[in-house]
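Structure record follows, encoded as structure tokens.
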Amino acid sequence: MNYWLMKSEPNAFSIDDLAHRSDQTEPWDGVRNYQARNFMRDQMKVGDQVFFYHSNCDVPGIVGIMEVAGKSYPDPTAFDPHSKYFDPKSHPADPRWFLVDVKYCRHTRRIIPLAELKEHEPLEGMQLLRKGNRLSIMPVTKKQWDYILRLE
DNA sequence: GCCAACGTTGGC
DNA sequence: GCCAACGTTGGC
């Protein structure tokens, strides 16, 4: 069992949007960063636990928990000329971008703000807290996961 | 292979 | 809106 954190701008796709999907499941499409892709393509397993993080908003922070719902597969938006995520360099025979489906588990009891996470010494070294970090998908250790859940 | 220019992310 | 950090692109 692995643990992850995935960012989304709530203006574009929020935890509430995910919760209201009929299946409460959504393909995490549009990721165009190789490191983030590699995590999804190579390391995410069904049942892995994921923090849903809201970025670029009034109170950036962890807002909920979801899980990996399926094995990775090529991101179809890369093949679609009408998609804003279209990438002409990605071909169905040799796909460049991959994604996983994620399923809503629950909201956290409250938003756990980024500013608060920064105050906790045991979370020092978290990739999320590194200055200038722009990675949208990153691993979380079990220790960090458990510690953060106790902050709820 | 180097690196300047440029675009994007995302906190503040 | 500002700007630091960082990834990508493309000329050489």
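This structure is a prediction, so every number in the text was calculated from the model and none was measured. So you know, we letter chains A, B, ... as the sequences are listed, proteins then strands, and number each from 1.
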When the distance from CG of A/Leu129 to C1' of C/dA4 is rounded to whole Å, what number comes out?
17 Å

Structure string for DNA chain C in dot-bracket form, Watson-Crick and G-U at under 3.5 Å, | interchain
||||||||||||

Could you list all the ring pair (Phe, Tyr, Trp, His ring centres under 6.0 Å) pairs where at least one residue sits in residues 60-83 of chain A, not counting sequence neighbours?
none

Round to a whole Å and report the spacing from CG of A/Leu128 to C1' of C/dA5.
15 Å

Residues in ring-ring contact (aromatic ring centres under 6.0 Å, His included) with A/His91, at least two apart?
none

Mind running side chain to side chain contact (heavy atoms under 4.5 Å, CB included) on A/Met66 and A/Glu26 for me, showing each step along the way?
CA-CA 10 Å; A/Met66 50 191 177; A/Glu26 182 77 359; over 6 Å; no

Across all chains, not counting sequence neighbours, the ring-ring contact (aromatic ring centres under 6.0 Å, His included) partners of A/Tyr34 are A/Trp97

Between protein and nucleic acid, restricted to nucleotides 7-9 of chain C and to nitrogen or oxygen atoms under 3.5 Å apart, what atom pairs and distances do you find?
{"from": "C/dG7", "atom 1": "O4'", "to": "A/Arg134", "atom 2": "NH2", "distance (Å)": "3.1"}

Rounding to 0.5 Å, atoms CE (A/Met1) and CD (A/Gln49) come to a distance of 5.0 Å

Holding to ring-ring contact (aromatic ring centres under 6.0 Å, His included), I want the full list of residues that pass it with A/Phe51, two or more places apart in sequence or in another chain.
A/Trp145

Interatomic distance, A/Ile112 atom CD1 to A/Ile148 atom CD1 [nearest 0.5 angstrom]:
7.0 Å

Does A/Lys131 put a side-chain nitrogen or oxygen below 4.0 Å from OP1 or OP2 of C/dA4?
no

Reckon A/Lys118 has a side-chain N or O less than 4.0 Å from the OP1 or OP2 of B/dC12?
yes

